[in-house]
Every structure is written in C-alpha cells, then in structure tokens.
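Everything on this sheet refers to the single structure shown next.
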Amino acid sequence: MLKLVIGLGVVLMLVGFGAAGWQYVQAMPPGEVAAVEAETGGAVGPGQNWLISRGGGLVARDDVATYLVHDRFVEGRSVVITQRAALESLLSEGEKLPEAPYLQVLADIRAPKVAAGACAALQEELARDCAVHSARVVEGSVDRASGTAQFRIELAFTLKPGEEALPDLSARAFGTEMVTLAFEAGQEGAATVPDLIRSTVAAANAACAAQRRSEGCRLMRVNLVTEGDGAGALQAEIGSLSRLPKGMFPAPPLG
C-alpha cells in the first residue's frame, strides 16, 4: 500500500508539472512561439521566450522580444530621431509659410517629411522592413526668428535574417552595450539624418565585431539627436549573448 501511495504521488507530480509547462507555453501568443522556435531552430525546446541576464536574473520581456523576434515589428525596437529642421523645407513648390499662429499646426502636419530617406538608409544594410511609427513637432519648439522647429520621429524596423542561427539560449547569458558618437557641423558622415543613420549602423557593426567572446550581436535601439546642420549625437544599444559563467545554471521562469 505504501508503494502504491508513493507511486501515485510521483505520477500526480509529473502530471502537475507537465500541465503547468503546457499552460505556460499555451499562454504565449502563437506568433511569438513560432518566431522564437524559428529563431532558435528548436535547439532549446519549443516556445522559449525568456533570456538569462549576465547578472543571473531574467531579462525584461520587452528586451527579450526586441532581441529575439527579429522578423516582426515590436514596440521596443526603434530609432528615435530628434531633429531641428527649417519650416520652409516642409513646403511644397509654390507654397508660403502661414502666419505665425499657424506655424505649429503646419509643422505638425508636415512632420513626416522630416523623416524622408531615414528608412531607406536603415534598410541599406540593417533593416528588412521599416516604417515611420510617429512623426510630430515638439510642442513649443517653433522658433519664428530662425524659421525652424524641433521634430521627434520614431521609426520601427525589423531586422534582416542573420547568416548564423542563434546558439542554445538556455546556455547563454544576455547583455547589452551602449555605443555613443558625437558629430560636429560639417563632419563627414553627419550631413543629413540618413548619413547619421548610416554612421550609426557602421558604429554598431564595429562594436559587435569587437565583441570576440559574444554571439548573435544585434542592434536594438537608437536615439539620434541633430540640430539640422550636421551637429548631433547618437546612442545605439546592441544586445548579444555569451556563455553562462561557471556555476550558473539555466532555470526557466515558473508559471
């Protein structure tokens, strides 16, 4: 009888853990499961949507999606551009600037023009798809004396498929690195927003190449600020994987 009770207890435990694992996978969006499975090649089991940080904790879900789901638009993967531009550059041929009270309205309506060429530059080497997620004039930024305004443009993009599949995610730790660059007016590679985006991609690629012990390096986010005369600064975040430190073992999240 004792053996029978113990045997039933073991069976119930296995069923319980199996059900919990199935519920965990079922709770994930189908697209995310498929994307992660395709990305990992099934090497770590279906539906892994978690990563281990280099400090031993779980990586935030937003960062996980931004890094893993490369072939779909995700909220965390973006290029944010803050640029000061001439209002006259927003006009069509034959148009004139309106009276001062309407300059803010004009700037807001024509803000997408400021992003012209940005997606094309991003798609040259890095992005498979790119779209202008938002384009607005910064409230109160219209300068009537200089005839300029400040704009905030946000691009969403997907990544071109990498040449190599990602390694076993359950045996790797994830970490990020910031790449920063500053540009002066007239500096080569900083004349326009597309030029600055190309410089950003080049800087991110160089930083990835310098990481000799990391794998799967990818550009995740970019924050670009420019005054419109070529002067500006950019900050790019790249993510990559490295082998788990000795003594650290993978443990998927519960529930």
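Put simply, the side chain of S78 does not reach to within 4.5 Å of the side chain of L155, judged on heavy atoms. V79 is listed as a side-chain neighbour of L122, based on a closest heavy-atom distance under 4.5 Å. Taking the side chain as every heavy atom from C-beta outward, L169 and I52 never approach each other to under 4.5 Å. Within the 4.5 Å cutoff, no side-chain heavy atoms of I81 are placed close to those of R152. Within the 4.5 Å cutoff, no side-chain heavy atoms of S214 are placed close to those of L241. Annotation: side chain of F151 is not in contact with side chain of T82 (no heavy-atom distance under 4.5 Å). A 4.5 Å side-chain heavy-atom check between V137 and I109 finds every atom pair outside the cut-off. Side-chain atoms of L126 and F157, non-hydrogen and from C-beta on, do get closer than 4.5 Å to each other.
In terms of heavy-atom proximity, R54 sits nearest to A173 at CG-CB, 3.7 Å. Nearest heavy-atom pair across Q83 and V193 is OE1-CG2, 3.4 Å. Taking all atoms of both residues into account, the shortest heavy-atom contact from L181 to S199 is CD1-O, 4.3 Å. When all heavy atoms are compared, the tightest approach of A107 to L87 is CB-CD2, 4.0 Å. Contact record, S141 with Q104: N-OE1, 4.3 Å, taken as the closest heavy-atom pair. Nearest heavy-atom pair across I238 and A207 is CD1-CB, 3.7 Å.
The pair R110-E95 counts as a salt bridge, with a side-chain nitrogen and a carboxylate oxygen less than 4.0 angstrom apart.
T66 and D63 form no side-chain donor-acceptor contact under 3.5 Å, judged by distance and modelled atom types alone. Checked by atom type, the side-chain pair S240/R218 shows no donor-acceptor distance below 3.5 Å.
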Please lay out, stage by stage, how T226 and R84 fare under the test side-chain hydrogen bond (donor to acceptor under 3.5 Å, both in side chains). CA-CA 7 Å; T226 173; R84 181 161 292 279; over 6 Å; no
Just do the ring-ring contact (aromatic ring centres under 6.0 Å, His included) check on Y67 and F174 with the steps written out, would you? CA-CA 10 Å; Y67 180 75; F174 173 78; 4.9 Å; yes
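Among pairs with a residue in residues 65-147, those fulfilling disulfide (SG to SG under 2.5 Å) read C119-C130, at least two apart in sequence or across chains.
A donor-acceptor distance shorter than 3.5 angstrom exists from the side chain of T158 to the backbone of D129, with no hydrogens or angles considered. Using modelled atom types, no side-chain atom of K160 and backbone atom of R128 make a donor-acceptor pair closer than 3.5 Å. No donor-acceptor pair closer than 3.5 Å links the side chain of R221 to the backbone N or O of E237. When atom types are taken as modelled, the side chain of S53 and the backbone of G55 share a donor-acceptor pair closer than 3.5 angstrom. The backbone N or O of R243 lies less than 3.5 Å from no partner atom in the side chain of R172, so there is not a single donor-acceptor pair.
For E215, the CD atom sits in a packed shell: over 12 heavy atoms of surrounding residues, nucleotides or ligands are nearer than 6.0 Å.
Between Q150 atom CD and E227 atom CD the span is 6.5 Å, to the nearest 0.5 Å.
If you chain together hydrophobic residues whose side chains sit under 4.5 Å apart, L97 and L90 fall into the same group.
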